[in-house]
Amino acid sequence: MFLDQRLSGLAELSFGFPQTHDAYLGRLVLGPWAQSAGHGVRFLDHIEGLARQAGAPRLYLAVLDRNPRARSFWQRQGFQPTGDHRFTDQGHDLRRMMKTLSV
């Protein structure tokens, strides 16, 4: 994502996980200058549109359990916890979330 020709956001969107037709948002990062101004929501709208165009019925992501601010953001955007979680090699608890995409 570019704002005034400045790289301000980066996302990693992949397909085929956890099920064949699903989409997975592995990373979404915004520069500090782009946060808390609605850019994240617009960027996510774009990402969801790409997933829909690819025919994905669901969009998944994982959020660190110790990051309640991020979890709250995802919940406001319609993502729900799936109940799946795992511990990383660094000992972090990752909680999977999912949003059903309308076509």
Side-chain angles (χ1 to χ4, degrees):
M1 177 181 76
F2 287 87
L3 299 173
D4 298 323
Q5 298 183 357
R6 180 182 189 186
L7 179 60
S8 300
L10 180 68
E12 173 193 0
L13 180 64
S14 57
F15 299 92
F17 181 81
Q19 300 295 321
T20 304
H21 298 290
D22 292 331
Y24 198 91
L25 180 57
R27 183 175 309 263
L28 187 145
V29 180
L30 296 180
W33 58 91
Q35 296 174 5
S36 301
H39 300 299
V41 172
R42 287 191 295 280
F43 195 24
L44 179 59
D45 286 344
H46 174 72
I47 293 163
E48 287 180 12
L50 294 173
R52 282 186 191 93
Q53 286 176 1
R58 291 170 297 274
L59 178 58
Y60 286 85
L61 57 84
V63 64
L64 289 171
D65 192 50
R66 68 177 185 173
N67 191 346
R69 183 174 177 219
R71 189 173 50 251
S72 178
F73 170 80
W74 296 118
Q75 287 176 323
R76 285 193 309 273
Q77 305 316 309
F79 286 82
Q80 298 298 319
T82 65
D84 294 332
H85 73 101
R86 71 174 181 88
F87 290 96
T88 67
D89 293 339
Q90 296 79 26
H92 301 294
D93 191 4
L94 280 175
R95 302 285 174 159
R96 188 175 293 164
M97 301 181 81
M98 184 271 298
K99 180 176 183 178
T100 300
L101 301 175
S102 58
V103 285

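Predicted, not measured: the structure shown is a model, and the values here were computed from it.
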* Asked: Should I47 and M97 be counted in the same cluster of Ile, Leu, Val, Met, Phe, Trp and Tyr side chains packed under 4.5 Å apart?
  ->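 Same hydrophobic cluster.
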* Transitive ILVMFWY side-chain link V41 to V63, under 4.5 Å ->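 Yes; tracing contacts between hydrophobic side chains, which count when under 4.5 Å, links both residues.
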On a heavy-atom basis, which atom in [X] and which in [Y] lie closest, and how many Å separate them?
| X | Y | value |
| --- | --- | --- |
| L61 | F79 | CD2-CE2, 3.5 Å |
| F43 | G9 | CE2-C, 3.9 Å |
| L25 | L44 | CD2-CD1, 4.2 Å |
| L101 | A56 | CD1-O, 3.5 Å |

* Asked: Under the side-chain contact (heavy atoms from CB on, under 4.5 Å) test, which residues partner A54, sequence neighbours left out?
  ->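 F15.
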* Report the distance from atom CD of Q77 to atom NZ of K99, rounding to the nearest 0.5 Å. =>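 Those atoms lie 6.5 Å apart.
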* How many angstroms lie between CG in N67 and NE2 in H92, if you round to the nearest 0.5 Å? ->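 Rounded to the nearest 0.5 Å, the CG-NE2 separation comes out at 11.0 Å.
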* side-chain hydrogen bond (donor to acceptor under 3.5 Å, both in side chains) against R76, all qualifying residues, sequence neighbours excluded ->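 Scan of R76 (side-chain hydrogen bond (donor to acceptor under 3.5 Å, both in side chains), adjacent residues dropped) gives S72.
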* Quick one: list whatever passes side-chain hydrogen bond (donor to acceptor under 3.5 Å, both in side chains) with R96, sequence neighbours left out. =>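 If we apply the side-chain hydrogen bond (donor to acceptor under 3.5 Å, both in side chains) test to R96, skipping adjacent residues, there are no hits.
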* Asked: Pairs in or reaching into residues 78-88: which pass side-chain hydrogen bond (donor to acceptor under 3.5 Å, both in side chains), with residues at least two apart or in two chains?
  ->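 Pairs touching residues 78-88 that pass the test: H85-D93, T88-Q90.
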* To do: Write out all pairs satisfying side-chain hydrogen bond (donor to acceptor under 3.5 Å, both in side chains) with one or both partners inside residues 19-30, taking only residues at least two apart or from two chains.
  =>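 Residue pairs passing side-chain hydrogen bond (donor to acceptor under 3.5 Å, both in side chains), neighbours aside: D22-R58.
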* Applying side-chain contact (heavy atoms from CB on, under 4.5 Å), run through L28 and W74 and close with a yes or a no. => CA-CA 11 Å; L28 187 145; W74 296 118; 4.3 Å; yes
* Begin from the C-alpha positions of L94 and L64 and carry the test side-chain contact (heavy atoms from CB on, under 4.5 Å) through to its verdict. => CA-CA 5 Å; L94 280 175; L64 289 171; 3.6 Å; yes
* Name all residues meeting the salt bridge (Lys or Arg N to Asp or Glu O under 4.0 Å) criterion together with R71; count only those two or more places apart in sequence or in a different chain, and write none if there are none. =>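 Here the qualifying residues are D65.
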